[in-house]
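Heads up: the structure comes next, in C-alpha cells.
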Protein chains: 2
Amino acid sequence: MTMINAYDNAQADALSPADRALIDRRAKALGPAYRLFYDQPLHITRSEGVWLWDKDGRKYLDAYNNVASVGHCHPRVVEAITHQLGVLNTHTRYLHENVVTYAERLLATMPDALGHVMFTCTGSEANDIALRIARSYTRREGVIVTRLAYHGLTEAVAELSPSLGDFTPRSPRIRLIDAPDTLRIPAAEQGAKLAADLGQAIAEMRADGVEPAAFIVDTIFSSDGLHPDPAGFLQPAVDLIRAEGGLFIADEVQPGFARTGDAFWGFQRHRLVPDMVTMGKPMGNGFPLSGTAMRPELVQEFGEKARYFNTFGGNPVAAAAGMAVLDVIVDEGLQANATAVGGYLKGGLQDIATRYPEIGHVRGAGLFLAVECVTARETNAPDAARAKFVVNHLRQNGVLISATGPGANVMKIRPPLVLQQAEATLFLDATEAAFAAARAEGV
Amino acid sequence: MTMINAYDNAQADALSPADRALIDRRAKALGPAYRLFYDQPLHITRSEGVWLWDKDGRKYLDAYNNVASVGHCHPRVVEAITHQLGVLNTHTRYLHENVVTYAERLLATMPDALGHVMFTCTGSEANDIALRIARSYTRREGVIVTRLAYHGLTEAVAELSPSLGDFTPRSPRIRLIDAPDTLRIPAAEQGAKLAADLGQAIAEMRADGVEPAAFIVDTIFSSDGLHPDPAGFLQPAVDLIRAEGGLFIADEVQPGFARTGDAFWGFQRHRLVPDMVTMGKPMGNGFPLSGTAMRPELVQEFGEKARYFNTFGGNPVAAAAGMAVLDVIVDEGLQANATAVGGYLKGGLQDIATRYPEIGHVRGAGLFLAVECVTARETNAPDAARAKFVVNHLRQNGVLISATGPGANVMKIRPPLVLQQAEATLFLDATEAAFAAARAEGV
C-alpha cells in the first residue's frame, strides 16, 4: 500500500541540488523504510508556535502536526525539560515525586474507574502493553480493529494496523471491520452498523477458535478518514464487546489532550468509560512520552507476576515534560481555544464548500477537521487526485496539511492547539485558492 | 520469578513515614507492575557525574547506571538537547540534517557491512523492529535466545526475555539455550558448547516445523550473569546460525557505546560482523533514543513494501542528544577510561577475592564487571544471600550496584564511564567492608 502524501524519488529532478544531495545521503544512511511528505519534501530548520521555517527562511503555517500540540518550542515545556535534565534523569526503580504527581494529575482527567497509569515512550509501546495486559487478563487472544486502523508498529500492534498495507503480517487472532463513515452511512445508523459488524467479526473469530480479548479503536478514526460524529455512536459496540467478555480499549493518541475541544479525551465525547486508555503523540509536546491507563483489576495479576520496567518511560524528565503540557493546556485555555478556533475554521470550510461541490463533506471536532474531496456529491466517489493537488498546492503556498482515508481523498487538518483566528483565516484563504487552482488546472 | 534486588513492601515498617507515603501514592497511581530497588528504596533527587543525592542530601556513588553513561547531567548533552528543543523538534517526514549526520556518524563506528540504521525510542522497539525485519527477510519465524535473556518488553520481544519469568507467554517459535558460564565451563569449551546447544535448539525447532530466522544475544550476557570471555567464543554459534539460513543479531544495549573498553561495540570484542545490531540505553544519556543497524539487503523489501515511521525516533532533538553523547565519548576518551579505571577496579576486586573465598569469580571488561558470590570455591554453588547482603550493605554505605545471573549471586557493577580512580578506590573499600560485614554477621 502506497503511503498517502509520500514523496516519490522519481520526482527528484524537480528539487534543488542541495535537497537532492540530502535525500541521497538520507537514503544511504537510513535505508528504504523511511518516507518524506509532499511532491517536494520540506527541509524544516526552525519553528515557533504554529509556524515552521525552511532552510531558505520561508515560513509555513503548520496545520498538521499534533505532536507539538501546545505549539512548537513552547517555552514552558522547553524550560521544564531543561531544568529537570540539569538536575536528575534516572528511572522508576528509584522513588521520585515527578512520576507519581504526573500520574495522579493525568488520572484526574479521567473517570475514576481508570485507576492506574503506566508510562512508556511511544504510542506503539502504549498499545503493545495494553494488548499484553488485556490478553493476560482475559486469557484470550483475539482483537478487532477497523479496516484502516493504525495503532503502531511493534510486531504485535503492527498486526492491528492494516493501514500499513498487506506486507505486514496479520495472524488469525486479528479481525478487521468497516470503520464508521460519516458521509456515506446515515448518522442514526452508525452505532448499530458498527456493533453489527463487530458482532459478525466476533462470530467469525470464534468459528476459527479465537476468543475476543479486545476491541480497540482510535476514538476519532483518524486513519480511517476521521469520523467523530454523531458523538455516542460507539456505545453499542462497546456494550457488545463487554457482553462477549472482551475489553474496550480507547486509543487516544490522536484525539486526546483536548484536541477535539468537546472534551479532554475522545472517549469522553462518546460518553464512554473505556477499560483501558492509550495515549501518546501530544503528551510531551515532542518529548518521547506515552502511557496506558486501565481499570486496576486488569493489571493486578500481570503486575504481580510479570512486572514492567521501561527504562525511559516516566523518567523524571518525561514526567516534567508531561506536567508542563498539562499546565499549558489548562493555563492557556487550549481546550476552549480548540472549540472556538476549530468552530470558526469548520464554519469557514463549510462556507467554501458552498462554492465548491468538489468538497463532499466537512467534518471534525475542535482542531481536528476533515474535508472530503469527491468527484460528485451525487455519488460521493472519492477524488484522491484533487486531495493530493490541494495538499501540495497548500504546501507550495506555505500551509501544511496531509490527507487520509480509504480513498486518500480526505484533507487532514490538525494544527497545534494554539492556532488563532487570524491564522485560521489565512488557512481558509489558502484552501479556497487551492480548490480554485485545482478547478482552473482541470484536476 | 521474583526480580533480583526488588524492594518488598512487607518491609515498609523500616522506612520513614515520608517514603512510605510516597510508595503508597505510587502504588495507587502506577499500580502493581512497577518495582523499586533495594530493601530500603532510594528517593533520589539530584545527580552529577557519578554521584546521586537523595532527598535528605545524602550522596551515593553510582556504580550501576549505564543509561547516564557519559555521566549524570553531562553539560554538553544537556546543552545539545536544550538548544535543539528551542529551535525545532519535528520528525523524519521532513528533511533535517541532524538525523542524517547522526546516522552517518553512528554507522562510521561499525563495520562497512552494516550500511543502514533506523531510529526508535527504546531498546524494546529496536529489538522489535530488528525481529520484524529478520522475519520478513528470512520468511521464517524461529528465534533462539539464552535461558535468562532480556531483550525488552513488547509482546514480540518479551517472548525473547525469559528473565521476565514464566507468566510472560512464549510461543513455540522461541527456543532457549544455556548461556555461556565463565566460571563453570572451561574457557576453551565455551564456543563449542554454545554452538552445540544452538544446533540442538535448531534441530528441535525444526522438528516442530519452525525454521530459524535469528539467533540474538546480548554480546556481554548481562542478565545471564555477565560472560564476556574468552572474547571470540561467539564465532562458532554465529557461523552455525548463518549456515542454517538464519541471521545473527547483536543486542548492544548493554555492552555498546564503549563500555567494555576493548571496543566501541561488544560484537567487536568478539571480532564479529553481525547481520543486525540493536542499541539503546546509553545512546542518548537518558533521552529516549535507540536504533537498529543492519546489512542493507535485509531491509530492502521490508522498506519498500512496509515502510517505518517512529514519531519520536530520530527526531531533531534525539539526534542532537545522540551526537552529543558520541562527541563526549571521543573528546573525553571514555573508552580508554573504561579500560584504565575498569582494569584498576577489576584488579582491586581480584585482590579482595584473595582474602574472601566467598568471592568465587571476578570477571568483566572495561567498566562492566561482575563479582560472583559462591558458598564454596570447590562447588561454585551460588550464594544469593551474600550477594543480596552486599548489595544492600553497599547501598546503606552510599554505593549503588545491583545483582544478576541465574543464581541471583552475581554483583553487577556498571558505573557511568566517567568514573575516576579515586572513586574506584572508594568503591573497593566499601566492597571489602561489605564482605567483612557479611562474614561478621554470619550471612
Side-chain angles (χ1 to χ4, degrees), chain A residues 3 22 25-26 29-37 41-47 67 73 78 81-82 85-90 92-95 100 103-104 107 116 118 121-122 128 131-132 153-156 164-165 167-168 281 286 288 296 299-300 302-308 310-312, chain B residues 3 22 25-26 29-37 41-47 67 73 78 81-82 85-90 92-95 100 103-104 107 116 118 121-122 128 131-132 153-156 164-165 167-168 281 286 288 296 299-300 302-308 310-312:
Chain A
M3 186 183 101
L22 184 56
R25 281 175 59 202
R26 183 180 139 109
L30 304 181
Y34 281 73
R35 300 285 182 278
L36 291 163
F37 277 145
L42 283 160
H43 183 161
I44 302 291
T45 56
R46 187 160 72 83
S47 66
V67 171
C73 301
V78 173
I81 295 171
T82 299
L85 274 174
V87 173
L88 179 73
N89 192 20
T90 52
T92 55
R93 282 182 171 166
Y94 305 126
L95 286 170
V100 177
E104 290 167 345
L107 290 170
H116 294 326
M118 294 164 60
C121 296
T122 66
D128 196 291
L131 195 60
R132 286 182 63 201
L153 37 64
T154 65
E155 185 180 271
L164 291 173
F167 189 72
T168 300
K281 290 195 196 299
V299 73
Q300 199 56 45
F302 180 93
E304 286 165 11
K305 296 183 179 171
R307 75 177 179 265
Y308 187 84
N310 189 304
T311 299
F312 308 124
Chain B
M3 187 182 100
L22 185 55
R25 281 175 59 202
R26 183 179 138 111
L30 304 182
Y34 280 73
R35 300 285 183 277
L36 292 163
F37 278 145
L42 282 161
H43 184 161
I44 301 291
T45 56
R46 187 161 72 82
S47 65
V67 171
C73 301
V78 173
I81 295 171
T82 300
L85 274 175
V87 172
L88 179 73
N89 192 20
T90 51
T92 55
R93 283 183 170 166
Y94 305 126
L95 286 169
V100 176
E104 290 168 345
L107 290 170
H116 294 326
M118 293 165 61
C121 295
T122 67
D128 196 291
L131 195 59
R132 287 182 64 202
L153 38 64
T154 65
E155 185 180 271
L164 292 173
F167 189 73
T168 300
K281 289 195 196 300
V299 74
Q300 198 57 44
F302 180 93
E304 286 165 10
K305 296 183 180 172
R307 75 176 180 265
Y308 187 84
N310 189 304
T311 299
F312 309 123

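Computed from a predicted model, the values in this text were never measured in an experiment. Protein chains get the first letters and strands the later ones, always in sequence-line order, with residue 1 at the start of each.
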To the nearest 0.5 Å, tell me how far [X] [atom1] sits from [Y] [atom2].
{"X": "B/Thr92", "Y": "A/Leu30", "atom1": "OG1", "atom2": "CG", "value": "7.5 Å"}
{"X": "A/Phe302", "Y": "B/Thr168", "atom1": "CZ", "atom2": "OG1", "value": "6.0 Å"}
{"X": "A/Asn89", "Y": "B/Ile44", "atom1": "CG", "atom2": "CD1", "value": "13.0 Å"}

Check: Is it the backbone or the side chain of A/Leu107 that comes under 4.5 Å from a heavy atom of chain B, or both, or neither?
Finding: side chain
Notebook entry, point to check: Is it the side chain or the backbone of A/Thr82 that comes within 4.5 Å of chain B heavy atoms, both, or neither?
Noted result: both
Region of [X] in contact with chain A, defined by heavy-atom distances below 4.5 Å:
{"X": "B/Pro288", "answer": "both"}
{"X": "B/Val67", "answer": "side chain"}
{"X": "B/Thr45", "answer": "backbone"}
{"X": "B/Ile81", "answer": "side chain"}

Check: Mind checking what makes ring pair (Phe, Tyr, Trp, His ring centres under 6.0 Å) contact with A/Tyr34, not counting sequence neighbours?
Finding: none
Notebook entry, point to check: Can you tell which of B/Ala156, B/Ala29, B/Cys73 has the highest number of heavy-atom pairs within less than 4.5 Å of chain A?
Noted result: B/Ala29
Margin query: So which residue, B/Thr90, B/Leu131, B/Val87, ends up with the most heavy-atom pairs under 4.5 Å with chain A?
Written below: B/Val87
Below 4.5 Å, heavy atoms only, C-beta onward: do [X] and [Y] meet side chain to side chain?
{"X": "B/Thr122", "Y": "A/Thr122", "value": "no"}
{"X": "B/Thr311", "Y": "A/Lys281", "value": "yes"}
{"X": "A/Glu155", "Y": "B/Glu155", "value": "no"}
{"X": "A/Arg93", "Y": "B/Pro41", "value": "no"}
{"X": "B/Pro32", "Y": "A/Arg307", "value": "no"}

Notebook entry, point to check: If you look at every heavy atom in B/Ala306 and A/Phe167, which pair is closest and at what distance?
Noted result: CB-CD2, 3.8 Å
Checklist line | Nearest non-hydrogen partners of B/Glu304 and A/Arg35, listed with the distance | finding: O-NH2, 3.2 Å
Next item on the list: Go through the structure and list residues passing side-chain contact (heavy atoms from CB on, under 4.5 Å) with A/Val100, not counting sequence neighbours.
Entry: A/Glu104, B/Leu22, B/Arg25, B/Arg26
Check: So which of A/Gly86, A/Pro296, A/Ala103 has the largest heavy-atom pair count under 4.5 angstrom toward chain B?
Finding: A/Gly86
Note to self: I'd like to know if the side chain of A/Arg132 reaches the main chain of B/Leu153, judged simply by a donor and an acceptor atom lying under 3.5 Å from each other, with no hydrogens or angles considered.
What the structure shows: yes
Check: Quick one: does A/Asp128's side chain have a donor or acceptor within less than 3.5 Å of a partner on B/Thr154's backbone?
Finding: no
